[in-house]
Colleague: 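Got a structure for you, questions after.
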Amino acid sequence: MRYSRMFIPTVKEIPADAEVASHQLMIRAGLCRKVASGTYTYLPLGWRSLLKIIAIVREEMNKAGAQEIIVPSMQPLELWARTGRSVDYGPTMFRLEDRHGRMNVLGPTAEEVFTTLMAGEIKSYKQLPVNLYQITPKFRDEFRPRFGAIRSREFIMKDAYSFDVDPESLDKSYQAMYDAYCRIFKRCGLEYVIVEAESGEMGGSGSHQFTVPCESGEDTIVYTEDGSYAANLERAEVDALPKEEADAEIPPPEEVHTPNVGTIEAVCGFLGSRPNDMIKTLIYSAGERTITAIVRGDHELNPEKLAQIIGGEHIDLAAELTIEQVTGAKVGFAGPMGIAGKVSNMVIDHAVAAMAAGIAGANKSDYHVKNVVPGRDFALEGDNITVADIRFAGEGDTHKGKKLLFKKGIEVGQVFKLGTKYSKKLGAKFLDEEGHEKPCIMGCYGIGINRIFASAIELGNDTNGIIWPISIAPCEVIITSVNQDDREVARVSGDIYEQLLGEGIDVLLDDRAMRGGVKFKDADLIGIPIRITVGQRSLAEGNVELKLRAESESSKVRIEEATAKVIELVNELKEQLNV
Ligand code: ATP
Ligand code: MG
């Protein structure tokens with residue numbers, strides 16, 4: 001490729017809406033342009049990089065036995081209604097009506113389509129296991145699209161779906177994907193950690209997330225220093241707290257008038273108490289059921305954990321009317337006393353169970369109750385009462401006695417054991433060896449192609465621009481021809497260029513009639529891993545200059561040795577990534 005004929009619109013200005021390095025650099029380096037909120041056009045260099053990521057993903061998926069197909073992005077809403085996800089996905093799913101008034105969605109993922117396909121095709125255990133995947137655009141109307149390619153509304157995802165006869169066979173399919181993911185992220189030059197994750201809306205029994213630790217990440221990794229535990233924040237389990245001992249006997253509960261102070265902060269301000277003295281009562285709806293969840297005032301309820309405890313059903317904060325019916329009070333005054341009989345389930349966080357006493361809502365408008373003793377004033381046991389871990393881990397929490405630490409990360413991929421959630425609902429069944437009909441046991445496996453691209457930039461950059469890992473760099477080598485108008489410079493640059501091309505090296509020749517300074521700046525900005533500088537001065541000594549983008553020093557090489565040396569360097573850098 002000759003730079004002079006390429007479309008690489010680099011810019012000096014940092015785009016005003018770009019908060020993170022990858023977003024700034026993908027615009028500045030001429031990799032992408034924004035079309036609208038959360039949608040981008042990928043320009044030649046950006047697309048080259050994405051294509052390299054896609055090639056790595058495809059190769060590893062094929063090696064792991066998965067087979068590539070392609071399904072439509074536009075899918076009938078009816079399919080999603082059959083699994084209930086037309087509701088669960090909520091406003092994140094784009095919907096569109098066709099000319100016949102039929103509703104469609106733009107697939108945010110594709111479990112429904114893959115499972116329906118298999119429902120029509122699979123008859124016997126002999127056809128299993130099967131693992132199918134696609135690499136296609138996905139659409140999500142994210143609440144807050146941001147950070148450029150990290151959270152956009154249209155992005156390329158590799159999604160794979162496995163169909164097995166039993167849980168043991170699923171374990172093997174899952175492990176094959178897990179191992180393939182490790183190779184993919186390594187080959188893409190990403191440092192990553194694998195954390196236990198909740199399966200969330202996906203349903204199912206087990207999941208791991210592949211996360212790139214990085215300050216600008218939106219995910220929180222929770223881990224122990226010795227590496228014995230790592231989970232994402234939604235999942236991270238915390239130890240129960242030791243039971244608080246009261247200094248003296250706690251007097252009976254006492255109602256206090258707290259007019260119009262419904263929030264924890266307001267009550268604390270009003271009563272002069274601290275948030276950790278408060279007992280917070282939340283009301284959720286799960287289908288027809290009403291659930292009450294109790295957490296300490298300074299803790300935050302983790303809806304994913306709560307959903308798991310009540311059987312994995314989708315939950316939402318209850319409507320105001322429901323809360324008023326259950327508590328008999330306006331919103332803000334719910335409390336644990338006497339509420340168990342009015343709800344389907346009462347789930348109490350174990351930090352509340354450990355409190356000596358607290359202040360809670362009185363289930364009466366404008367009133368709170370002091371001296372509420374868990375176990376004395378409301379039951380911790382009963383048919384519909386559970387004490388469990390339902391809050392987010394926080395500073396000071398431990399897991400199996402070890403202190404929990406927190407760091408930010410970007411989720412680049414996730415693998416799920418789905419079980420039979422989709423196969424049962426969509427009829428993906430087979431006859432086993434004895435002729436019994438059984439639902440397929442499924443797994444699903446996603447990778448964000450654009451997130452890999454953005455994460456690589458987040459991890460590899462400096463004040464001058466991007467520092468690409470060689471495997472996914474738009475080009476492996478750039479030849480900066482400093483004085484292009486000098487015939488000897490042009491000849492030597494051209495020769496090395498042709499030789500490298502002949503050796504299959506992905507090389508960009510900067511043959512623009514521009515000052516050397518401008519060319520160096522652009523080479524640094526677009527981040528090509530190896531640079532050869534051909535200039536009058538070094539040519540006079542029979543040399544060219546060789547420099548790695550990741551290092552500050554350059555070295556001199558004899559002109560006739562340059563090509564061989566560059567090939568050696570390319571191979572070295574690739575080997576480091578196991579490419
Ligand atoms: P997040 O929690 O960040 O919203 P998710 O868990 O909903 O992501 P999955 O459904 O697991 O995402 O999708 C698989 C992969 O697709 C993710 O691991 C991520 O790499 C990528 N991905 C998801 N949402 C986006 C998005 N809005 N923009 C770019 N990539 C995305
Ligand atoms: Mg995920």
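Remember, it's 1-based here, ligands and their atoms both numbered in the order they're listed.
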Colleague: Side chain or backbone, does M157 bring an N or O within less than 3.5 Å of an N or O on ligand 1?
Modeller: no

Colleague: Can you list the residues that meet the side-chain hydrogen bond (donor to acceptor under 3.5 Å, both in side chains) rule with R183, with sequence neighbours excluded?
Modeller: E60

Colleague: Does the pair D462/R549 count as a salt bridge with the N-to-O cut at 4.0 Å?
Modeller: yes

Colleague: For ligand 1, which atoms sit closer than 4.0 Å to a heavy atom of E142?
Modeller: 24 (N), 26 (C), 27 (N)

Colleague: Within less than 2.8 Å, report the number of protein N/O/S atoms around the Mg ion (ligand 2).
Modeller: 2

Colleague: Could you pull out all residues at least two apart from S169 that satisfy side-chain hydrogen bond (donor to acceptor under 3.5 Å, both in side chains)?
Modeller: D164

Colleague: Looking at K305 and D389, is any side-chain nitrogen of the basic one under 4.0 Å from a carboxylate oxygen of the acidic one?
Modeller: yes

Colleague: Look only at interatomic distance and state if I447 has a nitrogen or oxygen under 3.5 Å from any nitrogen or oxygen of ligand 1.
Modeller: no

Colleague: Do T10 and I526 have side-chain heavy atoms sitting under 4.5 Å apart?
Modeller: yes

Colleague: Under 4.0 Å from a heavy atom of A149: give me the atoms of ligand 1 that qualify, with their elements.
Modeller: 29 (C)

Colleague: May I ask you to list the atoms of ligand 1 that are less than 4.0 angstrom from any heavy atom of G413?
Modeller: 18 (O)

Colleague: Is R58 salt-bridged to E68, going by a charged N under 4.0 Å from an acidic O?
Modeller: yes

Colleague: Can you confirm, on distance only, whether ligand 1 has an N/O atom lying under 3.5 Å from any N/O atom belonging to F416?
Modeller: no

Colleague: Please output the side-chain donor-acceptor pairs of residues 441-453 that fall under 3.5 Å, not counting sequence neighbours, one pair per line with the distance.
Modeller:
unit_1: Y445; atom_1: OH; unit_2: S162; atom_2: OG; d: 2.7
unit_1: N450; atom_1: OD1; unit_2: I156; atom_2: N; d: 2.7
unit_1: N450; atom_1: ND2; unit_2: Y42; atom_2: OH; d: 3.0
unit_1: R451; atom_1: NE; unit_2: I150; atom_2: O; d: 2.4
unit_1: R451; atom_1: NH1; unit_2: E411; atom_2: O; d: 2.7
unit_1: R451; atom_1: NH2; unit_2: I150; atom_2: O; d: 3.2

Colleague: Please state which option from G217, S152, G38, P108 has its nearest heavy atom closest to atom 28 (N) of ligand 1.
Modeller: S152

Colleague: For atom 3 (O) of ligand 1, which of E218, R153, R151 has the closest heavy atom?
Modeller: R151

Colleague: Based purely on interatomic distance, does Q209 place a nitrogen or oxygen under 3.5 Å from a nitrogen or oxygen of ligand 1?
Modeller: no

